[in-house]
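So the structure is just underneath, and the comments pick up after that.
All residue numbers refer to positions in the sequence shown, counting from 1. Quick note: numbers below take in every heavy atom, side chains included, and nothing from hydrogens, waters or symmetry partners.
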Amino acid sequence: MIVTQLTHHDLDGYGASTVVGAFTEVARIIHIPRYSDVGPLVEAELKRLDRAREPEALIMTDLGLEAVSVKFIKSFAALNRRREAGARHRLIVLDHHASSIDQLGVQGLEPSPDAGIAGLRRFDLGDADITVLIDQDRCATRMAYEHRALFATREAGADLDRDLRTLVGAVDALDLWKKERDAFAGGLALDEVFWDNVATLVPLGHPWHDRFVGDLLVAVAALLREGATPAAVEARVGAIRLGLVDALMAGDPEDDPALTTRMRVARALARSDDLFHRLSDGTLLSFGLDSGTFQRVSDLVMAGGRARRVVNVQRVGTLSFRSNDETALEGARRFRGGGHKDAAGGKLPGGSAVSLADAVAQVEPVLNPPPPDPAASPFAALKNWKG
C-alpha cells in the first residue's frame, strides 16, 4: 500500500516522519510549515485519492487540526463510503493540540477517552479505516512511536529502536517544554541541530532530504543515548554530516571528497531532475533552496548548459534570479524586484508558496504571460463590420 505522510515542518514533525519511516515505507512526505497551509494540501490529496484506483494510506502528524482539516477528515470518510470495500483508503491522524479537540467538536465529532492511556482521546468517524487520536500529554513523535502498530509493516531492529526511544524522549521533553526532565537538554541540542541543517544542505523536495534529516536526528539521538552532553553533540555534528554525505554520494563518479559537504551536494543537486521545474521559456525553477546552496547550484546548472536562467522561490515568497545572459533583472522586474543584470530578486504576488507546484503556478503566468486573446478586445466585434 502506498503511504503518504503530511507532517509539521519542525523538530516534532520531522521526528514523527523519522519514526514512521523506520517502521514502514513512505512514498511521499509533505512538510507543512504553517497550519494555514494545510487546507490547500489536504484538498489536493483528497482529489488525488478520489482518482486512485488502489487503496492508499495517509498519515497526518502534528498538524494542529483547523476547521478545514476537520472538514477534510469528514470528506475522507464520505469518500471511503463511496468506494468498494477492498479499495477503501486508510487515514491515521496523530495530533496533540488542545485546539484540535475544540475544532473537531465544533463540527460534531466528540471524543471518547481511552481506557489504557489517560490523556488520549479517540474520535469515531464510523469507519474502521480512519483513526483520529489526540493526546495533549504526548508529542507527535512519541505518538507515532507508541501507536506504530497502526502503520508498521516491519521491525526497526534493536539498535535503531534504542536510538528511536532516545529520540522520542528528547523530542517529547522539548516539545511539551518539560524542563524538569533529564531529556530536555538533549531535546534542545536536537532542536539546534535540526534547524541548523534542515534547509542548508539537502533541500526540501529532493529525494535525499528526509533520509538526510532523519539519519541526522537518529545519529544525534545515538550520541545522547551514549551520554553525550549538548556541547559534545555540537562538536561532533560536522563529522556526522560528513559521514551522511559520504553515504549519499557513494558510487557517484563525479563526487570529489576534497570539497566541502555543501560543494559536493551542490554538484549532485545541479544534476537533479527532482529539484527543478522547467518553465515554458526554459527557465529552471527550484523551491526552498537557501541562498548559499542556490548560488552554487545555479552556477553549476548554467555552467553545465542546462539553462541560461534559474530562479529559486522561498516559502516566504521571495524570488532569486540568476542568469548568464543578463536576463535575471528582466525577470525580477516582473515581480516588483530589482538588482543586477545577472543576479536579481523579487516577491511573489501571492505573498508565499507552499510547494514547488504552488511556486510554478504563481511564477509561470507572470514571467511568461499568455498572448492576449484578440476575441477579448472590445473592438473585436467591429473587426468584420462594414458600414
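- Between Leu300 and Arg267 there is a side-chain heavy-atom pair separated by less than 4.5 Å.
- Between Arg90 and Asp127, none of the side-chain N atoms (NZ, or NE/NH1/NH2) sits under 4.0 Å from a carboxylate O, so this pair counts as no salt bridge.
- At a cut-off of 3.5 Å, with distance as the only test, no side-chain donor of His96 or Asp137 sits close to an acceptor on the other residue.
- When every heavy atom of Ala52 is checked against every heavy atom of His89, the shortest pair comes out as CB-CE1, 4.0 Å.
- With His206 contributing its side chain and Trp208 its backbone, the two residues share a donor-acceptor pair below 3.5 Å.
- A salt bridge is absent between Glu330 and Lys341; no separation between the charged side-chain nitrogens and carboxylate oxygens falls under 4.0 Å.
- Of the N and O atoms on the side chains of His31 and Asp210, at least one donor lies less than 3.5 Å from an acceptor on the other residue.
- Within the 4.5 Å cutoff, no side-chain heavy atoms of Ile240 are placed close to those of Leu242.
- Residues Glu45 and Arg28 are paired through a salt bridge, judged by an N-O separation under 4.0 Å between the basic side chain and the carboxylate.
- For the pair Met60/Leu91, a side-chain contact is recorded, criterion being any heavy-atom separation below 4.5 Å from C-beta on.
- Heavy atoms only, all atoms of each residue included: Phe194 and Leu11 are closest at CE2-N, 3.5 Å.
- Side chain of Arg83 to backbone of Leu79: no donor-acceptor contact under 3.5 angstrom is found.
- Other residues, nucleotides and ligands contribute over 12 non-hydrogen atoms within 6.0 Å of the NZ atom of Lys347.
- Here the closest heavy-atom approach between residue Ala359 and residue Leu285 is recorded as CB-CD2, 4.1 Å.
- Ionic pairing of Asp12 and Arg138 is not present here: no N-O contact between side-chain nitrogen and carboxylate oxygen is shorter than 4.0 angstrom.
- When each of Leu284, Asp281, Asn324 is checked for a side chain to side chain contact (heavy atoms under 4.5 Å, CB included) with Arg309, only Asp281 meets the rule.
- Side-chain contact, Asp342 with His340: no donor N or O sits under 3.5 Å from an acceptor N or O.
- Ion pair Arg142/Asp172 flagged as a salt bridge, since at least one NZ, NE, NH1 or NH2 atom sits closer than 4.0 Å to an Asp/Glu carboxylate oxygen.
- Judged purely by distance below 3.5 Å, without hydrogens or angles, the side chains of Thr7 and Ser17 never pair a donor atom with an acceptor atom.
- Within the 4.5 Å cutoff, the side chain of Phe321 has no heavy atoms near those of the Val310 side chain.
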Check: Could you go step by step and tell me if Asp161 and Arg148 meet the salt bridge (Lys or Arg N to Asp or Glu O under 4.0 Å) rule?
Finding: CA-CA 12 Å; Asp161 193 61; Arg148 60 192 181 277; 5.0 Å; no
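- The closest side-chain donor-acceptor pair between Asp163 and Thr166, if any, does not fall under 3.5 angstrom.
- Judged by distance alone, with hydrogens and angles left aside, the side-chain atoms of Arg296 form no donor-acceptor pair with the main-chain N or O of Ala266 at under 3.5 Å.
- Two rings, from Tyr14 and His209, have their centers less than 6.0 Å apart.
- In this structure, a donor-acceptor pair under 3.5 Å is present between the side chains of Ser280 and Glu364.
- For CD1 of Ile2, the number of neighbouring non-hydrogen atoms (other residues, nucleotides, ligands) closer than 6.0 Å is 12 at most.
- Although no hydrogens or angles enter the test, the distance criterion places no donor-acceptor pair under 3.5 Å between the side chain of Arg262 and the main chain of Leu201.
- Atom CZ of Arg333 sits in a sparse spot, with 12 or fewer heavy atoms from other residues, nucleotides or ligands closer than 6.0 Å.
- Without hydrogens or angle criteria, Gln314 side chain to Leu289 main chain gives a donor-acceptor distance under 3.5 Å.
- No more than 12 heavy atoms of other residues, nucleotides or ligands sit less than 6.0 Å from atom CZ of Arg236.
- Remark: the backbone N or O of Leu279 is not paired with any side-chain donor or acceptor of Thr283 at under 3.5 angstrom.
- Under a 3.5 Å cut-off, the side chain of Gln362 and the backbone N or O of Gly350 do form a donor-acceptor pair.
- Atom CD of Glu84 is surrounded by 12 or fewer heavy atoms from other residues, nucleotides or ligands within 6.0 Å.
- Ion pairing between a basic and an acidic side chain is recognised when a charged N comes within 4.0 Å of a carboxylate O; Asp256 and Arg264 show no such pairing.
- Using a 4.5 Å heavy-atom threshold, the side chains of Leu6 and Ile59 count as separate.
- Side-chain polar atoms of Glu25 and Thr153 form no donor-acceptor pair below 3.5 angstrom.
- Evaluated for a side chain to side chain contact (heavy atoms under 4.5 Å, CB included) with Phe276, the options Leu356, Asn312, Val297 yield exactly one hit, Val297.
- Using a 4.5 Å heavy-atom cutoff, the side chains of Ser286 and Val313 are not in contact.
- The shortest side-chain heavy-atom distance between Ile134 and Leu65 falls under the 4.5 Å cut-off.
- Counting only distance, with no hydrogens or angles, the side chain of Ser323 and the backbone of Ala328 share a donor-acceptor pair below 3.5 Å.
- Atom CD of Glu155 has 12 or fewer heavy atoms from other residues, nucleotides or ligands within 6.0 Å.
- Closest of all the heavy-atom pairs between Lys74 and Leu109 is CG-CD1, 4.1 Å.
- At a threshold of 4.5 Å between non-hydrogen side-chain atoms, the residues Ser112 and Phe123 do not count as touching.
- Counting non-hydrogen atoms of neighbouring residues, nucleotides and ligands closer than 6.0 angstrom, the CZ atom of Arg154 exceeds 12 such neighbours.
- Within the 3.5 Å criterion, the main-chain N or O of Gly64 finds a donor-acceptor partner in the side chain of Asp95.
- Salt bridge Asp37/Arg315: absent, no basic N to carboxylate O contact under 4.0 Å.
- Glu66 places no side-chain N or O within 3.5 Å of a backbone atom of Gln103 that could act as its donor or acceptor partner.
- Between Val360 and Pro365, the shortest heavy-atom distance links the atoms O-CD, 4.1 Å.
- Cluster annotation: Leu49 and Ile29 are assigned to distinct hydrophobic clusters (Ile/Leu/Val/Met/Phe/Trp/Tyr, side-chain heavy-atom contacts under 4.5 Å, transitive).
- Screening residues 126-182 for ring-ring contact (aromatic ring centres under 6.0 Å, His included) gives Trp177-Phe184 as the qualifying pairs, with residues at least two apart or on separate chains.
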